[in-house]
Structures are given as C-alpha cells and as structure tokens.
Novice: 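Just passing along the structure, written as structure tokens.
By convention here, the first residue in the shown sequence is residue 1. The basis for the numbers below is simple: all heavy atoms, side chains too, and nothing from hydrogens, waters or symmetry mates.
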Amino acid sequence: MSTFNGLPAHVLLVHVIVVLVPLTAGLVVLCAFWPAARARLIWPTAALAVVVTALTPVTIEAGEWFQKQLGNPPVVDEHARLGHQMLYFVAPLLISALLLVLAHLRQRSDKPVGRAAVAAIAIVALAAGGAAAWQTYRVGDSGAHAVWNGVLNH
C-alpha cells in the first residue's frame with residue numbers, strides 16, 4: 001500500500017496506530033486489574049489487539065515506501081529505526097490480551113485460573129501496555145520532529 005486518495009498511506013495509517021495502540025494498552029491493563037471490566041470489555045480489547053498487531057507491519061511497510069519517495073532523508077532515520085521496533089511492542093500486547101481471554105473463558109466455565117496466574121497476567125499486561133504506549137510516543141515524537149524540523153524545511 002503506497003497511497004490512499006492521493007495521500008501517502010503511512011501518513012494515514014500512523015494516526016490509526018497512534019490512537020489505537022495506547023487505547024488497546026489501556027484496555028488491556030484495565031481488563032487485567034479489574035475483573036468487571038474484563039467481563040465486559042475483553043472481546044473488543046482482544047479485537048483491538050489483533051487489529052493493531054496486523055496494522056503495525058502494514059504501517060511500517062507504508063513508511064518504508066514513503067521514506068524512499070522522500071529520497072531517504074537522514075532526518076527520518078531515527079523515526080524509521082524506532083518504527084521498525086514497534087511490532088516487538090504490540091505483539092506482547094496481543095499476547096497479554098489473549099491470556100486475558102483465556103482467563104475470562106476459564107472463569108466462565110467454572111474452572112478459573114489461580115490468583116497467582118491472574119496476578120502474573122496482570123503484571124505482564126501492565127508491562128506490555130506501558131511499553132507499547134511508551135514506544136508509540138517515541139516513534140510518533142521522532143516522526144513529528146522529522147517532519148517539522150527536517151523534511152518540511154528542505
């Protein structure tokens with residue numbers, strides 16, 4: 001995917017990632033620590049985790065295309081480097097969501113996972129959610145600096 005309606009696809013996709021990754025991270029953490037939220041929100045949370053995990057490589061590929069179209073300016077290198085790492089941050093978010101789905105299903109079948117397992121899932125979810133949100137910030141910040149302090153000034 002290179003362009004959409006005349007705009008570089010990366011410019012559009014990145015906004016989806018910037019909104020959905022922190023939203024998904026927050027929902028994963030909420031579901032991990034609040035059983036009532038898990039009971040109501042786990043399925044949309046898991047769906048969002050699948051969506052962001054699927055869209056991340058598409059966004060990266062669109063970014064690579066866009067970087068080439070810009071002539072591979074050095075000011076974009078840091079953004080590209082951080083962006084290439086993003087899949088390593090959304091995958092644990094997906095794994096956390098899937099573990100929460102498992103815990104939810106076990107709870108509904110009257111075979112709940114133990115408290116220690118739920119606590120371990122919550123810790124993993126908190127770490128994964130925090131890391132994914134932080135990496136999203138880092139990638140977005142470096143991209144904004146590349147645009148406003150670099151590419152637009154040439």
Novice: Connecting only ILVMFWY residues whose side-chain heavy atoms lie within less than 4.5 Å of each other, what is the rest of Val118's hydrophobic cluster?
Specialist: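 For the cluster that includes Val118, the remaining residues are Val113.
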Novice: Can you run down the side chain to side chain donor-acceptor pair (under 3.5 Å) pairs that involve residues 15-37, sequence neighbours left out, and say none if there aren't any?
Specialist: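 As it turns out, there is no side chain to side chain donor-acceptor pair (under 3.5 Å) pair with a partner in residues 15-37 once direct neighbours are skipped.
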Novice: Of the non-hydrogen atoms in Leu100 and Ala32, which two are nearest, and what is the gap between them?
Specialist: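 Taking Leu100 first and Ala32 second, the nearest heavy atoms are CD2-CA, 3.6 Å.
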Novice: CD1 of Ile17 to CD1 of Ile60: how many Å apart, nearest 0.5 Å?
Specialist: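 The CD1 atom of Ile17 sits 8.5 Å away from the CD1 atom of Ile60.
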Novice: I'd like to know if Leu99 and Leu105 are part of one continuous hydrophobic network [Ile/Leu/Val/Met/Phe/Trp/Tyr, side-chain heavy atoms within less than 4.5 Å].
Specialist: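 Yes, because Leu105 and Leu99 connect within a single hydrophobic cluster, where side-chain heavy atoms sit under 4.5 Å apart.
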Novice: According to side-chain hydrogen bond (donor to acceptor under 3.5 Å, both in side chains), who are the partners of Asp141, at least two apart in sequence or on a separate chain?
Specialist: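 side-chain hydrogen bond (donor to acceptor under 3.5 Å, both in side chains) check on Asp141 returns His145.
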Novice: Considering only distance and modelled atom types, tabulate donor-acceptor pairs under 3.5 Å from the side chains of residues 39-51, sequence neighbours left out.
Specialist:
from  : atom 1 : to    : atom 2 : distance (Å)
Thr45 : OG1    : Leu41 : O      : 2.7

Novice: Treating His10 as the side-chain partner and Phe66 as the backbone partner, does any N or O pair qualify as donor plus acceptor under 3.5 Å?
Specialist: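 Not at all, since once roles are kept as given, no pair shorter than 3.5 Å links the two residues.
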Novice: If hydrophobic clusters are built by linking Ile, Leu, Val, Met, Phe, Trp and Tyr wherever their side-chain heavy atoms come under 4.5 Å apart, do Val14 and Val75 end up in the same one?
Specialist: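 Hydrophobic grouping puts Val14 apart from Val75.
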Novice: Would you be so kind as to tabulate the donor-acceptor pairs closer than 3.5 Å made by side chains of residues 81-97, with sequence neighbours excluded?
Specialist:
from  : atom 1 : to     : atom 2 : distance (Å)
Arg81 : NE     : Glu78  : OE1    : 3.1
Arg81 : NH2    : Glu78  : OE1    : 3.3
Arg81 : NH2    : Glu78  : OE2    : 2.8
His84 : ND1    : Ala80  : O      : 2.6
His84 : NE2    : Glu64  : OE2    : 2.5
Gln85 : OE1    : Gln135 : NE2    : 3.3
Ser96 : OG     : Pro92  : O      : 2.9

Novice: With rounding to the nearest 0.5 angstrom, report the CD to OG1 distance, Glu61 to Thr56.
Specialist: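 Rounded to the nearest 0.5 Å, the CD-OG1 separation comes out at 13.0 Å.
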Novice: Output every pair passing side chain to side chain donor-acceptor pair (under 3.5 Å) with a member in residues 101-114, not counting sequence neighbours, ordered by first then second residue.
Specialist: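 For residues 101-114: none.
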Novice: Do Phe4 and Val18 share a hydrophobic cluster (ILVMFWY, side-chain heavy atoms under 4.5 Å, transitive)?
Specialist: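 As far as the 4.5 Å side-chain criterion goes, Val18 and Phe4 are not connected within one cluster.
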Novice: Report the distance from atom CG of Leu12 to atom CG of Asn5, rounding to the nearest 0.5 Å.
Specialist: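 Going from CG on Leu12 over to CG on Asn5, the span is 8.5 Å.
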Novice: Could I get the full list of ring pair (Phe, Tyr, Trp, His ring centres under 6.0 Å) partners for Trp134, not counting sequence neighbours?
Specialist: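 By the ring pair (Phe, Tyr, Trp, His ring centres under 6.0 Å) rule, Trp134 matches Tyr137.
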Novice: Quick one, Pro73 and Leu70 - any side-chain contact, counting heavy atoms below 4.5 Å?
Specialist: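 They are in side-chain contact.
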Novice: Which other residues belong to the hydrophobic cluster containing Val124, where Ile, Leu, Val, Met, Phe, Trp and Tyr are joined when side-chain heavy atoms lie under 4.5 Å apart, directly or via other members?
Specialist: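 Besides Val124, the cluster holds no residue at all.
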Novice: Clusters formed by hydrophobic residues whose side-chain heavy atoms approach within less than 4.5 Å: which one holds Leu126, and what are its other members?
Specialist: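 Members other than Leu126 - counting any ILVMFWY side chain reachable under 4.5 Å - are Val29, Phe33.
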Novice: Under the side-chain hydrogen bond (donor to acceptor under 3.5 Å, both in side chains) rule, collect the residues that match up with Ser142, sequence neighbours excluded.
Specialist: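 For Ser142 the side-chain hydrogen bond (donor to acceptor under 3.5 Å, both in side chains) partners, ignoring immediate neighbours, are His79.
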